[in-house]
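Inspection log for the structure reproduced underneath, given as structure tokens.
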There are 4 protein chains.
Amino acid sequence: MTTPTGRPRSEQARQAVLDAVDDLLVEVGYAAMTMKNIAERAGVGRPTVYRWWSGKAEILIEACTEDAIRELATEPQGQPREDLDGYLVRLGHFLTVEPPGLAYRALIGEAQHDAKVAELVRKADLLAPPTITVLDRVRPQSPRMPADGVAVAQLVGPLLTHVLTTGAPMADEDLRRHAEILLEGWR
Amino acid sequence: MTTPTGRPRSEQARQAVLDAVDDLLVEVGYAAMTMKNIAERAGVGRPTVYRWWSGKAEILIEACTEDAIRELATEPQGQPREDLDGYLVRLGHFLTVEPPGLAYRALIGEAQHDAKVAELVRKADLLAPPTITVLDRVRPQSPRMPADGVAVAQLVGPLLTHVLTTGAPMADEDLRRHAEILLEGWR
Amino acid sequence: MTTPTGRPRSEQARQAVLDAVDDLLVEVGYAAMTMKNIAERAGVGRPTVYRWWSGKAEILIEACTEDAIRELATEPQGQPREDLDGYLVRLGHFLTVEPPGLAYRALIGEAQHDAKVAELVRKADLLAPPTITVLDRVRPQSPRMPADGVAVAQLVGPLLTHVLTTGAPMADEDLRRHAEILLEGWR
Amino acid sequence: MTTPTGRPRSEQARQAVLDAVDDLLVEVGYAAMTMKNIAERAGVGRPTVYRWWSGKAEILIEACTEDAIRELATEPQGQPREDLDGYLVRLGHFLTVEPPGLAYRALIGEAQHDAKVAELVRKADLLAPPTITVLDRVRPQSPRMPADGVAVAQLVGPLLTHVLTTGAPMADEDLRRHAEILLEGWR
DNA sequence: TAATAATCGAGACGGTACGTCTTGTCTTCGT
DNA sequence: ACGAAGACAAGACGTACCGTCTCGATTATTA
């Protein structure tokens with residue numbers, strides 16, 4: 001066992017960087033966010049940022065992971081269709097309006113250009129936990145629902161794809177139709 | 001009416017740029033591809049590139065659009081499930097191995113950071129035409145299949161999402177399961 | 001023969017950089033002068049500075065060489081002693097007050113740390129030409145005056161050394177004494 | 001009167017720093033010597049270095065002052081010319097080959113950029129003591145030799161200037177000529 | 001024999017210059 | 001008028017060192 005020596009990491013600096021990234025994402029967007037202005041906004045030296053994160057993607061994923069899970073929690077509804085439906089509407093809003101959702105999209109985007117970010121996104125697998133929570137509610141009425149991996153993809157894939165390729169959420173009506181068909185297929 | 005005077009645009013230069021982009025995408029990837037090295041690789045002045053395209057995304061979309069549609073065409077199979085299934089396998093390969101597929105993913109990625117690219121991607125809507133072709137084949141046996149927009153999303157969304165978030169295609173077995181459930185839901 | 005192609009070097013940018021260095025040397029001194037603030041002061045991109053000069057020493061030597069020769073020119077005096085004496089006083093002032101003289105000292109200083117600068121300083125040999133001009137005037141009365149290299153060193157060496165090690169010029173009285181002794185030794 | 005309490009200064013740390021500076025000067029040169037690598041080389045914390053010295057120049061002057069005086073001591077020769085001559089050859093070697101001599105040149109160089117270092121160099125006045133020792137030997141035969149300040153400058157100035165501006169010592173032949181002329185002037 | 005206090009090595013901190021890179025524009029000459 | 005070549009201003013990149021700070025641990029002196 002080695003006792004760490006030297007000055008300990010400043011939790012204040014860490015939090016300032018995470019907050020700065022949150023703010024900048026909203027204010028200027030992912031593309032215009034640079035390691036330089038993150039450091040300046042956080043009131044932190046640039047090397048301090050590089051000491052703990054290798055790029056803006058890594059900071060962003062740390063900044064938004066917890067938020068995402070919390071924000072996607074939904075109350076159980078009476079009916080399976082309402083459960084799925086409500087969740088999809090919630091998710092559509094998350095991905096097109098809320099900062100952590102926009103951050104997640106930016107990260108998926110970056111992942112297509114950078115293998116390191118791809119690995120981070122793959123590991124974070126942000127949507128799986130809240131989606132599985134919802135799926136578990138409808139599982140009793142859906143005996144043919146496939147394994148989690150496939151079921152999650154079936155539920156959120158169409159919506160996520162639509163958002164990523166058009167920038168807009170699917171119409172509520174279409175989401176309802178989608179949920180209905182899936183439930184039918186899983187029955 | 002103005003008859004253009006002076007030296008006309010060089011078709012040779014245009015083609016050299018498109019070829020350079022194709023090559024560079026494979027050799028160095030989207031991120032490392034710059035307007036500078038595109039121009040150098042094409043043996044063309046940088047201003048010539050900027051004169052006709054506004055950025056690498058625009059060049060790329062011009063370079064790969066036609067290819068995509070052609071490469072995703074599939075032969076009709078005997079059974080609906082085999083039609084969908086074969087197409088999905090083909091699409092998985094396209095998105096993870098073939099250059100136009102990788103280019104499309106890169107463009108979707110860039111679209112998350114750049115509204116102008118998002119617009120290009122939205123307009124190109126690369127996957128819809130070949131997907132609709134396939135859907136039309138199974139439509140007779142799928143009376144409850146929703147409108148094209150939703151149906152396309154339901155079919156390819158789970159796969160595309162999986163590729164974009166993990167970098168790998170879905171397992172063939174999972175694709176089969178997915179097609180089966182959808183057909184059930186559409187029946 | 002190769003005709004140079006592309007946009008030619010901007011003489012305006014070159015002059016702006018040389019002027020900026022002159023100004024900054026006076027305003028903030030050699031140590032605080034950086035490639036960054038030279039570029040900013042000149043209203044020029046940093047790469048433009050690096051394209052033509054490798055460091056501030058190289059810019060400075062280009063900026064002050066011509067000035068130096070011109071500023072050290074002295075009128076012939078009636079007497080040999082007055083010729084040497086007047087020149088030494090002039091040189092003391094040059095080295096302790098005038099910008100090109102301060103620049104030259106800074107360059108000699110830098111030369112002790114950087115072999116490349118040392119080479120530049122060696123080649124410029126700023127003091128030799130004006131000093132030889134003066135020596136030529138007293139040569140008729142100084143038959144034993146040694147070769148230029150040694151004579152220049154004997155005349156200006158004591159003063160330059162004094163300035164470099166104390167920052168101040170030698171007292172006029174001491175300069176007079178020095179010139180007198182040298183003339184005696186050369187007679 | 002206050003007797004200092006607390007842990008006393010570590011003489012071991014002080015010596016380690018001085019040794020590290022000596023080594024680094026030879027190994028990497030003055031320019032590449034940083035407070036950081038001095039501390040690392042000495043196996044000492046950076047604040048410990050800053051606690052006792054304000055910069056590398058200050059350390060260097062402490063590290064080499066004593067050496068210089070000792071190393072420049074020369075045996076009395078029979079003849080005045082041989083006394084001066086031998087000393088000048090010795091000094092040329094000192095300034096171009098021996099570490100303390102190189103350190104002294106580096107300090108004179110730094111002094112042109114930094115007033116604080118200039119003050120240190122001015123106070124150390126490294127060459128005066130050994131030079132005066134030699135001058136005293138020839139004073140009996142040199143009734144017109146001026147005051148120490150001027151005489152020292154006259155003797156070593158030409159050589160030091162030559163070394164500082166060219167990096168090389170003067171030719172032995174030229175040194176001999178120089179000494180001869182000075183003695184003539186002082187007679 | 002404690003308590004006190006200044007030192008020590010280690011290393012993170014905010015700051016800033018470094019020299020390189022790419023961006024998109026411009027200028028020049030040749031086609 | 002368009003082509004290539006390449007210089008231009010701008011500014012982010014990631015690294016290095018600066019001098020300061022905050023640690024826990026050590027080492028004398030003082031009480």
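Fair warning: this is a prediction, and the values are worked out from it, not measured in the lab.
In this structure, CZ of B:Arg14 is placed 17 Å from C1' of F:dG3, rounded to the nearest angstrom. A straight line from CD1 of C:Ile59 to P of E:dG19 spans 10 Å, rounded to a whole angstrom. The CZ atom of C:Arg41 sits 18 Å away from the C1' atom of F:dA9 (whole-angstrom rounding). Taking atom CD1 of residue C:Ile38 and atom C1' of nucleotide E:dT16, one finds them 16 Å apart after rounding to whole Å. Rounded to whole angstrom, the span from the CD atom of A:Glu40 across to the P atom of F:dG14 amounts to 15 Å. Atom P of nucleotide E:dT25 and atom CE of B:Met35 are separated by 10 Å, given to the nearest angstrom. Taking atom CD of residue C:Glu58 and atom P of nucleotide E:dC18, one finds them 15 Å apart after rounding to whole Å. Note: OH (A:Tyr50) to P (E:dG14) measures 15 Å, nearest angstrom.
Mapping A:Glu11 and A:Gly6 onto DNA chain E by nearest heavy atom places A:Gly6 at the nucleotide closer to the 5' end. Heavy-atom nearest nucleotides on DNA chain E were determined for A:Gly45 and for B:Met33, and the one closer to the 5' end corresponds to A:Gly45. Ranked by how close their nearest DNA chain F nucleotide is to the 5' end, A:Lys36 and D:Asn37 are led by A:Lys36.
Distances from the side chain of B:Thr48 to the nucleotides E:dT23, F:dG3, E:dT16 place F:dG3 closest. Distance from the side chain of A:Pro47 is smallest to F:dC17 among F:dC18, F:dC17, F:dG3. Of the listed nucleotides (E:dT7, F:dA9, F:dC13), F:dC13 has the atom at the smallest distance from the side chain of A:Arg46. For D:Arg9, taking side-chain heavy atoms from C-beta onward, the closest of the listed nucleotides F:dC17, E:dG24, E:dC8 is E:dC8. For D:Val44, the side-chain atoms get nearest to E:dG9 when compared with the rest of E:dG9, F:dA9, F:dA7.
No side-chain N or O of B:Thr34 forms a donor-acceptor pair with one of B:Lys56 less than 3.5 Å apart.
One donor-acceptor pair, N or O on each side, does fall under 3.5 Å between the base of E:dC26 and the side chain of C:Arg7.
Phosphate proximity of E:dC21 to B:Thr34: absent, as no side-chain N or O sits under 4.0 Å from OP1 or OP2. At the phosphate of F:dG6, neither OP1 nor OP2 sits under 4.0 Å from any side-chain N or O atom of C:Trp52. Regarding contacts with the backbone of E:dC8, a side-chain N or O of D:Arg51 is found under 4.0 angstrom from either OP1 or OP2.
With respect to A:Glu27 and A:Arg41, a salt bridge is recorded, a charged nitrogen being found less than 4.0 Å from a carboxylate O. Residues C:Arg14 and C:Glu62 are paired through a salt bridge, judged by an N-O separation under 4.0 Å between the basic side chain and the carboxylate. The residues C:Lys116 and C:Glu119 are annotated as not salt-bridged, no charged nitrogen and carboxylate oxygen being separated by less than 4.0 angstrom.
Taking the side chain as every heavy atom from C-beta outward, C:Ile61 and C:Trp53 never approach each other to under 4.5 Å.
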